[in-house]
Amino acid sequence: MRSWDRVIGCVLLPLVLLSCHVSRAPRSDEDSKQELLALENRWLQVEDDPVALEGILAPDFLHVVPGAIITKDQHLQFLRGHPAGSERAEKHFEDLHVRVYGQAGIVNGAVIQTTEHGERKTLFTDVFAYRDGKWQAVSAQELPVTGP
């Protein structure tokens, strides 16, 4: 009887592991695109809140900023040391493009920020990885648009 237990265990274990792996994969490209759009919108709402960003940014997140490439920890440390002012800018997206390649997603677009001092447009590229059942940002880069 013991040998049958081993045979059954050897047959069932790969199936259990496979089902765990499959359940962590995104459902479909369209579902993934919607999840990435929702995550981008959440990120835009909380971009100055280091606590809220903890779950959005992956542990290996890198942010390309003028003159440097910074880690997640450096990014969050900067936000903690430079809290957002009381002036809240109105922000929205324009021209979003979401692409999914299996467990990787790329979002390109523009953020339009409006304050009492005028409007500022920034182009961006965000790269996401689907890990442990959720999307997280692994890389970000912004490009301020100057001129008309």
Side-chain angles (χ1 to χ4, degrees), residues 9-148:
C10 289
V11 170
L12 290 180
L13 182 60
L15 293 175
V16 169
L17 293 174
L18 180 62
S19 70
C20 289
H21 177 70
V22 169
S23 69
R24 290 185 184 167
R27 293 181 300 275
S28 70
D29 281 358
E30 191 54 41
D31 287 341
S32 294
K33 287 179 182 182
Q34 293 307 313
E35 290 172 18
L36 289 170
L37 284 172
L39 188 56
E40 280 288 357
N41 280 301
R42 172 82 176 127
W43 192 351
L44 186 63
Q45 292 171 354
V46 301
E47 69 181 351
D48 296 323
D49 181 351
V51 174
L53 289 178
E54 278 287 340
I56 294 174
L57 308 180
D60 57 342
F61 174 78
L62 293 175
H63 193 173
V64 179
V65 297
I69 298 174
I70 61 173
T71 65
K72 173 184 179 175
D73 290 338
Q74 291 168 321
H75 182 83
L76 297 178
Q77 182 179 1
F78 177 84
L79 291 176
R80 287 184 195 102
H82 302 86
S86 60
E87 180 184 331
R88 299 298 298 165
E90 181 183 318
K91 300 174 196 171
H92 67 275
F93 290 120
E94 281 186 358
D95 200 24
L96 285 178
H97 302 270
V98 182
R99 294 169 290 152
V100 175
Y101 303 98
Q103 296 193 5
I106 302 171
V107 181
N108 301 97
V111 173
I112 309 301
Q113 180 175 339
T114 307
T115 67
E116 61 186 40
H117 304 292
E119 189 174 274
R120 185 173 79 182
K121 182 176 184 177
T122 304
L123 303 176
F124 71 90
T125 298
D126 293 334
V127 181
F128 297 87
Y130 192 82
R131 298 175 178 157
D132 299 323
K134 65 180 180 177
W135 289 101
Q136 285 190 304
V138 294
S139 183
Q141 183 169 3
E142 291 88 22
L143 176 64
V145 175
T146 57

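Only a predicted model underlies this, so the values are computations on that prediction, with no experimental measurement involved. Hydrogens, waters and symmetry mates play no part in the numbers below; they use all other heavy atoms, side chains included.
- Expressed to the nearest 0.5 Å, how far CZ of Phe124 lies from CG of Asn108 amounts to 7.5 Å.
- Residues Leu39 and Val107 fail the side-chain proximity criterion, which asks for heavy atoms closer than 4.5 Å.
- For Thr114, there are no side chain to side chain donor-acceptor pair (under 3.5 Å) partners, not counting sequence neighbours.
- For Leu36 against Gly105, the heavy-atom pair with the smallest separation is CD1-CA, 3.9 Å.
- Between Glu40 atom CD and Asp126 atom CG the span is 4.0 Å, to the nearest 0.5 Å.
- Judged as a salt bridge (charged side-chain N to carboxylate O under 4.0 Å, His left out), the pairs with a partner in residues 46-65 (not counting sequence neighbours) are, in order, Glu47-Lys91, Asp48-Arg88, Glu54-Lys72, Glu54-Arg80, Asp60-Arg131.
- Here the side chain of Gln136 pairs a donor or acceptor atom with the backbone of Gly55 at under 3.5 angstrom.
- To the nearest 0.5 Å, the span separating CZ on Phe78 from CG on Asp73 amounts to 15.5 Å.
- The distance from the NZ atom of Lys33 to the CZ atom of Arg99 is 10.0 Å, given to the nearest 0.5 Å.
- Ring pair Phe61/His75 is perpendicular by interplanar angle, where above 60° counts as perpendicular and below 30° as parallel.
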Applying side-chain contact (heavy atoms from CB on, under 4.5 Å) to Tyr101 and Ile106, what does each step give before you reach the verdict? CA-CA 8 Å; Tyr101 303 98; Ile106 302 171; 4.0 Å; yes
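- Across every non-hydrogen atom of Leu123 and Ala110, the tightest pair is CD2-CB, 3.8 Å.
- Taking CD1 of Ile112 as the reference point, atom OG1 of Thr122 lies at 8.0 Å (rounded to 0.5 Å).
- Using a 30° and 60° split on the angle between ring planes, Trp135 and Tyr130 fall in the perpendicular class, above 60°.
- Within 6.0 Å of CD1 on Ile69 lie no more than 12 heavy atoms contributed by other residues, nucleotides or ligands.
- For Val138 against Ala129, the heavy-atom pair with the smallest separation is CG1-CB, 3.8 Å.
- Across all their heavy atoms, Ser32 and Val100 have their closest contact at CB-CG2, 3.8 Å.
- Here the closest non-hydrogen pair linking Ala140 and His63 is O-CD2, 3.4 Å.
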